[in-house]
Amino acid sequence: MINAPRGTNDILPPQSFKWNYIESKAKYIFDLYNYDEIRTPIFEYTELFQRGIGEETDIVEKEMYTFEDKSKRSITLRPEGTASVVRSFLENKIYGKAQPTKYYYIGPMFRYERPQSGRYRQFNQLGIEVFGSQDPRVDAEVIAVGMHYMDILGLEDLSLYINSIGCPKCRPKYLKRLKDYLNNNIDKLCEDCKRRIDKNPLRVLDCKNDRCQKVIDGAPKIIDYLCDECEVHFDNLKENLHNINIDFIIDPGLVRGLDYYTKTAFEVKYEGLGAQDTIFGGGRYDRLAEEIGKRDVPGIGFALGVERLLLTLKKQGIEIPIDKSVDIYLTTIGKKAEIASFKLLEEFRRRGIKAEIDYMGRSVGSQMKSADRMNATYTVIIGENELENKKATVRNMKSGKEQEIDIDNLVKSIEKMI
RNA sequence: GUGGGUAUAGCUCAGUUGGAUAGAGCGCAGGAUUGUGGCUCCUGAGGCCGUGGGUUCAAGACCCAUUACCCACCCCA
C-alpha cells in the first residue's frame, strides 16, 4: 500500500463540499471589494524565493521543496504566494496600467516541516495583494476584506493584532537598540534567543519562553522608534480601522517571519486553534518589488490558511450547508426496463435534469433506499407493467404520492414538475 | 531535526492480572414486504489485532525494533 506523502491530505466528499463553500464565499467577498483573480505557477526558480523571502528566514533555510529540473535549473515549489504575484506583476509590466492593482489568489503552497494540527507540507492559502498605493486606507481595506470574510462565514471570537515594523529608514536604529538591550540581558534568554540576537533579533520578540518573555516585556518597542513617515502611517491605519469599526489590539511583539515586510504587520488569531492559531496574517511590503525587479512598487496583502479556517469553523461548531440531492432516481425492474431507463437517464441529463440510476443490481427496495439516501425529489419506477402500458410510475418522495406518466412524454412532463 | 501519545472490521471503539472461535454500535448487503424509501425486526458479508523480531506451554494484550498517524518544540498560513 502506498500512502499519500507525509503532510499531504486527500480532500474527499463531503469535505470537498466545504472547500467549495468557503472558496465561493471568498470569491464573493474578493469581488465585492473589486479584487481579481491571478494564477501563477506552482513552482518558480529558486532565486525568486531566496531573494524575495530572504536568505535567513526559516522558510528559505530549511523548509523549501527545492530540486533540479532536467536542465539543471533549481526549481522550488512555492512556499507562499506573494513573491510569485509580485514577480508576475513586474514581469507582465502591470505597473504600466492604472493603479492600484488588486489581486487575489488561491491554491496550494509547500513547506517541508513536521506536520501538526493546522500545519501541513502541502497546504492551501487564499490571499490578496494590492500594488501601487501607499495610502494607509489600503492597509485598512486589506484587513477589512479578511474581517468581512470571517463575518460572513459566521466566525466569532477572533482577535486582530496589528503592529508597525518600520521601514529601512527607522528599523536599523531600532534594531541596534534592541540588540544592545538583548546583549545586556543575554544570560536571561533561552538558547534559541541567544542565537537570534545577531541573526534575527526581531524574532526574539516572538519567543514564547516564559523567561524570555520577562526580558521582552522590558525591551524597547519598535513603535517607539518609528520615523515620522512610519508613525503617521501607523496612526492613520488605526484611525481608518476605527472609522470602519474594526477592533484591534496593538501587539509590539508582532513581527512577521518573512524579511520583506515594512510598516504594517497584522495577524488574525483564534485562540481555540491550538499551537498554530493564526488564521490569516499579512502586512505591507514596500521593498519587495525592488528586491525582485529593481522597481519601486509598494504592496500590501494577506494570506489565509484554508486548513486553519476549516479547523476554526469546526471548533466553533459552524455547520456548512451541504444540500446534495438529485431530481430523479430511476428504479428499474428487469433487463428491458434497464435498457429503457438508461436511455431515459441520458435524456433527463441532456435536459439539465439531475438524474441517477442503480448500477449495482440492487433489489427494488434497495433502489428506493438509494433514492432516499440521495435525496431524490422523484423516483421513476419502470418495470414490465410500465413497459407494457408505456406509462412510468412516478413517485413523489416527500409525499409518497404516485402517478402514471406516459413514458414517451416522461422527460417533458417531469421537466414541468421540478 | 527533537520530544510525547496512538495503532483491533469501511467508521467510532470494547477486549481485565497473558489462557475465546477476536466483539459491539454505526455503516454496507439481503430478507420480513413474490415490484416501493424513511420506522422496526431478522440474517449476512467484512479482520495477517500497523509491520518485523523476541519472551512464553500460550501474545490482540508483555519486551525490543520499525513504520505511519496525531500532538508539541522550532517557525509559520
Side-chain angles (χ1 to χ4, degrees), chain A residues 1-9 12 53 56-63 78-82 105-127 146 190-193 195-196 200 202-204 206-209 254-258 265 267-270 273-282 301-312 329 331-334 337 358 360-387 392-402:
Chain A
M1 179 60 199
I2 298 169
N3 291 41
R6 173 165 231 194
T8 66
N9 290 106
L12 308 164
I53 299 170
E56 320 91 64
T57 56
D58 277 18
I59 292 181
V60 173
E61 263 181 4
K62 51 181 191 185
E63 294 172 2
R78 63 181 186 193
E80 56 103 47
T82 303
Y105 62 84
I106 177 165
M109 307 294 165
F110 306 84
R111 290 185 205 173
Y112 189 88
E113 296 181 274
R114 287 287 285 264
Q116 70 190 67
S117 182
R119 162 178 298 161
Y120 310 97
R121 289 186 171 179
Q122 175 173 338
F123 61 102
N124 288 270
Q125 284 188 338
L126 166 171
C190 69
E191 291 307 310
D192 286 330
C193 283
R195 274 189 288 108
R196 289 182 187 130
N200 200 338
L202 280 180
R203 211 75 67 71
V204 177
D206 246 356
C207 188
K208 285 155 197 153
N209 183 303
L254 172 59
V255 290
R256 317 248 64 231
L258 318 180
E267 274 180 10
V268 169
K269 298 185 179 200
Y270 175 58
L273 268 190
Q276 315 304 328
D277 60 359
T278 302
I279 302 174
F280 70 94
F302 72 69
L304 176 148
V306 178
E307 286 83 356
R308 289 184 188 177
L309 178 62
L310 256 352
L311 269 178
T312 309
Y329 188 94
T331 292
T332 64
I333 305 125
D358 171 60
M360 299 303 291
R362 274 182 258 257
S363 65
V364 179
S366 287
Q367 290 186 59
M368 295 302 288
K369 216 175 192 176
S370 297
D372 187 48
R373 262 199 300 259
M374 285 180 201
N375 245 314
T377 311
Y378 291 100
T379 299
V380 170
I381 302 160
I382 297 177
E384 274 166 32
N385 301 341
E386 284 80 359
L387 286 178
T393 304
V394 176
R395 181 182 178 89
N396 180 318
M397 293 300 277
K398 211 170 207 172
S399 65
K401 281 181 187 156
E402 292 186 356

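Numbers restart at 1 for each chain; the letters A, B, ... are given by sequence-line order, proteins then strands.
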[N], OP1 or OP2 - any side-chain N/O from [X] closer than 4.0 Å?
{"X": "A:R78", "N": "B:rA77", "value": "no"}
{"X": "A:S363", "N": "B:rG31", "value": "yes"}
{"X": "A:R114", "N": "B:rA72", "value": "no"}
{"X": "A:S366", "N": "B:rG30", "value": "yes"}

Looking at [X] and [Y], would you say the former's side chain and the latter's main chain have a donor-acceptor pair under 3.5 Å?
{"X": "A:R111", "Y": "A:I59", "result": "no"}
{"X": "A:R78", "Y": "A:P108", "result": "yes"}
{"X": "A:R308", "Y": "A:G118", "result": "yes"}

Pick base, sugar-phosphate or nothing for [X], based on heavy-atom distances below 4.0 Å to the nucleic acid.
{"X": "A:G334", "result": "nothing"}
{"X": "A:R373", "result": "sugar-phosphate"}
{"X": "A:Q367", "result": "nothing"}
{"X": "A:G127", "result": "nothing"}

Inset, instruction - Return the nucleotide paired to B:rU51: Watson-Crick means purine N1 to pyrimidine N3 with N6-O4 or O6-N4, wobble means G-U with N1-O2 and O6-N3, both under 3.5 Å. - result: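 B:rA65 is the nucleotide pairing with B:rU51.
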
Inset, instruction - Classify the side-chain pair A:E307/A:N124 by whether it contains a donor and acceptor separated by less than 3.5 Å. - result: yes

With the side chain of [X] defined as its heavy atoms from C-beta on, choose the nearest nucleotide among [options].
{"X": "A:E386", "options": "B:rG35, B:rG37, B:rA77", "value": "B:rG35"}
{"X": "A:N385", "options": "B:rG37, B:rG35, B:rA77", "value": "B:rG35"}
{"X": "A:T393", "options": "B:rU36, B:rA77, B:rG38", "value": "B:rU36"}
{"X": "A:R362", "options": "B:rG35, B:rC73, B:rG30", "value": "B:rG30"}

Legend entry - For atom CD of A:Q116 and atom P of B:rG3, their distance in whole Å: 16 Å

Legend entry - Residue closer to the 5' end of RNA chain B, A:F280 versus A:S117 (nearest nucleotide): A:S117

Legend entry - Whichever of A:G7 and A:L273 has its nearest RNA chain B nucleotide further upstream toward 5': A:G7

Inset, instruction - Determine whether more than 12 heavy atoms belonging to other residues, nucleotides or ligands lie under 6.0 Å from atom CD of A:E402. - result: yes

